[in-house]
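This report concerns only the one structure given below.
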Amino acid sequence: MSQPIIFAIPKGRILSEALPLLAKAGIVPEAAFGDKESRALKFATNRADISLIRVRAFDVATFVAHGAAQIGIVGSDVIDEFDYSELYAPVDLNIGHCRISVAEPAELAATDDVRAWSHVRVATKYPNLTRKHFSAQGVQADCVKLNGAMEIAPALGLSSRIVDLVSSGKTLQENGLVEVDVIAHVSARLIVNRAAFKTNAAVGALVEAFRTAVDA
């Protein structure tokens, strides 16, 4: 019997939004998969040929790019940050909508002109995407890599601005920050390992199942 397909799903908000799509595509995880308190990482499904792993969003891209998982779901922000040549993102799943934005303290924004920037210091977990964005505008960006708690960076003097995911904007507001620029709009994508897609017909069949699920 061939090895089961490993399907990587990110923890957090995308996971809950992905469950109905998984069901439409014919994949039903074991009950523990939806349990936020469970520390298990690998889960069975109703299909003997498919197992799920539940990992951090950035790790989804890494597992799939290196072939440890053959297929996954991840935000377009992660795809843009890593730009793995081994990844193919054939389906926009139309879930996980948010945006990557530049934000700064409200008092700075009151007199700031984004168009006048020539050099910025930014706290972000997206250094590659951030540098690329600012470079295209002729702005030099010094990026301080953080994995979380970006909103506190300006208050502590670590950086004057941040680049982070924004959904409702409530977290920014609670920390005295405002959006001043939107780098990209984000949605979750189905990603596959290019080699697996070319050599494993079952992976291609899953891609078509998700296309159908999204259209439905």
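Just so you know, these numbers come straight off a predicted model, no measurement behind them.
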If only atom types and distance count, is the side chain of [X] paired as donor or acceptor with the main-chain N or O of [Y] below 3.5 Å?
X	Y	value
E30	F43	no
R161	A123	no
D112	L108	no
Q70	I6	yes
N46	V28	yes
S159	V122	no
E17	G96	yes
S187	I95	no
R189	P90	no

(message) Set out, in order, the CA-CA distance, both residues' side-chain angles and the distance that settles side chain to side chain contact (heavy atoms under 4.5 Å, CB included) for W117 and V180, then state yes or no.
(response) CA-CA 12 Å; W117 293 356; V180 293; 3.9 Å; yes

Is the closest side-chain donor-acceptor distance between [X] and [Y] under 3.5 Å?
X	Y	result
E179	S101	yes
H66	N193	no
N200	K198	no

Can you hop from [X] to [Y] via hydrophobic side chains spaced under 4.5 Å?
X	Y	value
V64	V203	no
V78	L15	no
V120	V114	yes
F63	L93	no
V60	I9	no

(request) Before giving the answer on side chain to side chain contact (heavy atoms under 4.5 Å, CB included), spell out for S76 and H185 the whole-Å C-alpha distance, their side-chain angles and the decisive distance to 0.1 Å. (result) CA-CA 8 Å; S76 55; H185 291 277; over 6 Å; no

With rounding to the nearest 0.5 Å, note down the distance linking [atom1] in [X] to [atom2] in [Y].
X	Y	atom1	atom2	result
I100	L165	CD1	CG	5.5 Å
L146	I152	CG	CD1	11.5 Å
L190	R211	CG	CZ	9.0 Å
R56	N147	CZ	CG	8.0 Å
R99	S167	CZ	OG	7.0 Å
Q3	S51	CD	OG	9.5 Å

(request) Could you label the plane-to-plane angle of the F197 and Y88 rings as parallel, tilted or perpendicular, counting under 30° as parallel and over 60° as perpendicular? (result)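 If you compare the ring of F197 with that of Y88, the planes turn out tilted.
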
I want to check something: taking the side chain as every heavy atom from C-beta on, are [X] and [Y] in contact at a cut-off of under 4.5 Å?
X	Y	value
I27	L21	no
I191	I71	no
I162	E151	yes
Y84	I79	no
F7	I53	no
V178	L172	no
F33	T45	no
V91	V214	yes

Heavy-atom closest contact ([X] atom, [Y] atom, distance):
X	Y	result
P4	I50	CB-N, 4.1 Å
G75	I14	N-CD1, 4.0 Å
D92	A188	OD1-O, 3.5 Å
L19	P29	CD2-CG, 4.0 Å
A32	R54	O-NH1, 3.9 Å
A57	P10	CA-CB, 3.9 Å

(message) Please determine whether a side-chain nitrogen of the Lys or Arg among K125 and E81 lies less than 4.0 Å from a carboxylate oxygen of the Asp or Glu.
(response)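 Here K125 does not pair with E81 in a salt bridge, since their nearest N and O are not under 4.0 Å apart.
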
(request) For atom NZ of K170, decide whether the heavy atoms of other residues, nucleotides or ligands shown that lie under 6.0 angstrom number more than 12. (result)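 No, not enclosed.
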
(message) Looking at Q173, I'd like to know if its CD atom is crowded, meaning that more than 12 non-hydrogen atoms belonging to other residues, nucleotides or ligands lie closer than 6.0 Å.
(response)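 At most 12 heavy atoms, drawn from other residues, nucleotides or ligands, come within 6.0 Å of this atom.
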
(message) If we check side chain to side chain contact (heavy atoms under 4.5 Å, CB included) with T124, which of these qualifies: V102, I183, T130?
(response)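 Exactly one pass, corresponding to T130.
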
(request) With D142 as reference, evaluate R121, R131, H119 under the side chain to side chain donor-acceptor pair (under 3.5 Å) test and give the passing residue. (result)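 So, applying the side chain to side chain donor-acceptor pair (under 3.5 Å) to D142 and each of R121, R131, H119, only H119 qualifies.
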
(message) Before we go on, tell me: are the rings of Y126 and F134 under 6.0 Å apart, centre to centre?
(response)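 Not under 6.0 Å, so no.
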
